[in-house]
2 protein chains.
Amino acid sequence: MISEAVQDYLKTIYKLQEDTGVVSTSALAEAMEVAAASVTGMVKKLASLKLVRHHPYQGVVLSKAGEKMALEVIRHHRLLELYLAEALGYSWDKVHEEAERLEHVISEEFEEKIFEALGRPTRDPHGDPIPAKDGTVVAAEHDRLSDLEPGATGVIRQVSDSDAEVLRYLGTRGLVPNAPVEVLEKAPFNGPVTVKTRETSHVLGRDLAQHIRVETRPEDET
Amino acid sequence: MISEAVQDYLKTIYKLQEDTGVVSTSALAEAMEVAAASVTGMVKKLASLKLVRHHPYQGVVLSKAGEKMALEVIRHHRLLELYLAEALGYSWDKVHEEAERLEHVISEEFEEKIFEALGRPTRDPHGDPIPAKDGTVVAAEHDRLSDLEPGATGVIRQVSDSDAEVLRYLGTRGLVPNAPVEVLEKAPFNGPVTVKTRETSHVLGRDLAQHIRVETRPEDET
DNA sequence: ATAATTTTTTAGGTGAGGCTAAAATAATCT
DNA sequence: AGATTATTTTAGCCTCACCTAAAAAATTAT
């Protein structure tokens, strides 16, 4: 049997990995709220279970199997959050805590039943994807930069324009895939959009901004 | 924090106590599926927590506080069973196992929500009472012996007849409070009812059977 | 009443998953 | 480079809930 502790570590590693690639012992210790020494011990165990790869002093990476388990827990968590809110009328600030405990003990059947009851959702109300049973994760939603409201932040995922000249132009401004952006201002009608990249801000025509797809990070939405 | 193990012990002690008054170490070990030595250890702990009273070699009795905790767990369990069946369409053979795990992790709020969603029930579909939040337990249902169908078994709880002669007559047949009975046959219309007591069976007029109240044990119902 | 049997408790041990303090390694500053 | 600082690992302990084997107490049988 896989313990709840293991499930929690895998889930936490997955989330840290999403943000930062490789996961350090101290980051994991901080996120799990345990001492670093405890993490070292658990990471050894996870490695022996082939759920993570670990090179001492270099952090940890989920294996295929570890990722699958992490996604199962995350699927449980997000389905539960959704169910608690939709079916039981929980307010959104309370669902997380409850789901945190329930996620470890519900059966596949329970998962299946609430999944159906909710109409087989693939995304929770935060916009976060609900991993599928087979481990598939729907791509995060990509919005047109031109559709975002001021205050929205995210990461550029795609820049599509038929004109290579335009792409080069955007590139010199740091508007390339994986670059973080923030919308500062947005003129009404078809007016320009002001965006902030790593260092400076730029004013883009609405037509240009339309071809830049951004993955917004939910917690940064207006 | 009260561990799940403690909750499980209290629940089990409560149930055994219902049947047999005082609970022996070995009975508890058997019910919990652990070694007797483990029970001795846990019972010591429960006693130190003032959840049970324990006199070595004489078994264990729940304290007021212990009973309250036991009832909370049982309330969770029965509400969950009902909810799983009613709201999620679980079949009755699967609800127990799922409730067994969930009962330890749901919050008071979760309990409250499903209680309301179910219409504030006081009894589960087995007929078992659902303890109230304040620890009140509705009396077990007493059926007229004359209303039971063949196959039903239970324990006599009340024999009410104005005629002392009749009571004596029934007494000689073992039809007294706390005696187990089983309905063997039941004639149509107002015909007689054939019941089995400890050793022998008797045929009773419907009018007589009407005055005998039986507490049926759910698992023996038709 | 004594012996045999059963029940319960004690003694000592195990594995999980934590902890602290100290040692080892890596990274950073001057 | 060498020293300081930060991170990670090792070593050794703790608690919890279980275990087995042996001792003690209670019960039952002769």
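Source: prediction; values computed, not measured. Lettering of chains follows the sequences in order, A, B, ..., and the numbering in each one begins at 1.
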Treating B:Gln7 as the side-chain partner and B:Val73 as the backbone partner, does any N or O pair qualify as donor plus acceptor under 3.5 Å?
no
Nearest-angstrom distance from the residue atom CG of B:Leu49 to P of D:dA17
9 Å
What is the separation between atom CD1 on A:Ile2 and atom P on C:dA16, rounded to the nearest whole Å?
12 Å
Show the numbers, then the answer: is there a side chain to side chain donor-acceptor pair (under 3.5 Å) between B:His76 and B:Glu72?
CA-CA 6 Å; B:His76 283 183; B:Glu72 276 166 26; over 6 Å; no
May I ask you to say what B:Thr25 touches in the nucleic acid, namely base, sugar-phosphate or nothing, with a heavy-atom cut-off under 4.0 Å?
sugar-phosphate
When you get a sec, tell me which of D:dC16, D:dT7, D:dT9 is the closest nucleotide to the side chain of A:Ser26?
D:dT7
Length of the line joining A:Leu28:CG and C:dG17:P, which is rounded to integer Å
14 Å
Nucleotide of C:dC19, D:dC16, C:dG17 approaching A:Ser3 most closely (side-chain heavy atoms)
C:dG17
Can you measure B:Glu30 atom CD to C:dT7 atom C1' for me and round it to whole angstrom units?
14 Å
What is the ring orientation for A:Tyr83 with A:Phe110, classed by angle as parallel under 30°, tilted 30 to 60°, or perpendicular over 60°?
perpendicular
If you check every side-chain atom of B:Tyr57, which of C:dT10, D:dA26, D:dA17 has the closest atom?
D:dA26
For A:Pro56 and A:Val34, find the nucleotide of DNA chain C closest to each by heavy atoms; which residue's nucleotide sits nearer the 5' end?
A:Val34
Main-chain N/O of A:Lys50 paired with A:Ser63 side-chain donor or acceptor, under 3.5 Å
yes
Looking at the side chain of A:Ala35, which of C:dT20, D:dA17, C:dT7 is the nearest nucleotide?
C:dT20
Donor-acceptor contact present, side-chain B:Glu98 to main-chain A:Ser107, <3.5 Å
yes
Closest of D:dT9, C:dT10, C:dG18 to the A:Tyr9 side chain is C:dG18
Select one nucleotide: of D:dA17, C:dA21, C:dT9, the one nearest the side-chain heavy atoms of B:Ala37.
C:dT9
Check: A:Gly59 main-chain N/O paired with A:His54 side-chain donor or acceptor under 3.5 Å:
yes
A:Lys45 NZ to C:dG17 P: how many Å, rounded?
3 Å
Looking at C:dG17, I'd like to know if its phosphate oxygens (OP1 or OP2) sit under 4.0 Å from a side-chain N or O belonging to A:Ser38.
no
Rounded distance (Å) that lies between atom C1' of C:dT7 and atom NE2 of B:His54
12 Å
Any side-chain N or O of A:Thr40 less than 4.0 Å from the OP1 or OP2 oxygen of D:dT9?
yes
Nearest to the side chain of B:Met42 - D:dA17, D:dT10, C:dT7?
D:dA17
To the nearest Å, give me how far apart CD (B:Gln58) and P (D:dA25) are.
14 Å
Here's a test of your reading of the structure: between A:Ala36 and B:Val39, which maps to the more 5' nucleotide of DNA chain C?
B:Val39
Has A:Lys44 got a side-chain N or O lying under 4.0 Å from the OP1 or OP2 atom of D:dT10?
yes
In this structure, how many angstroms lie between the P atom of D:dA17 and the CG atom of B:Asp8, rounded?
11 Å
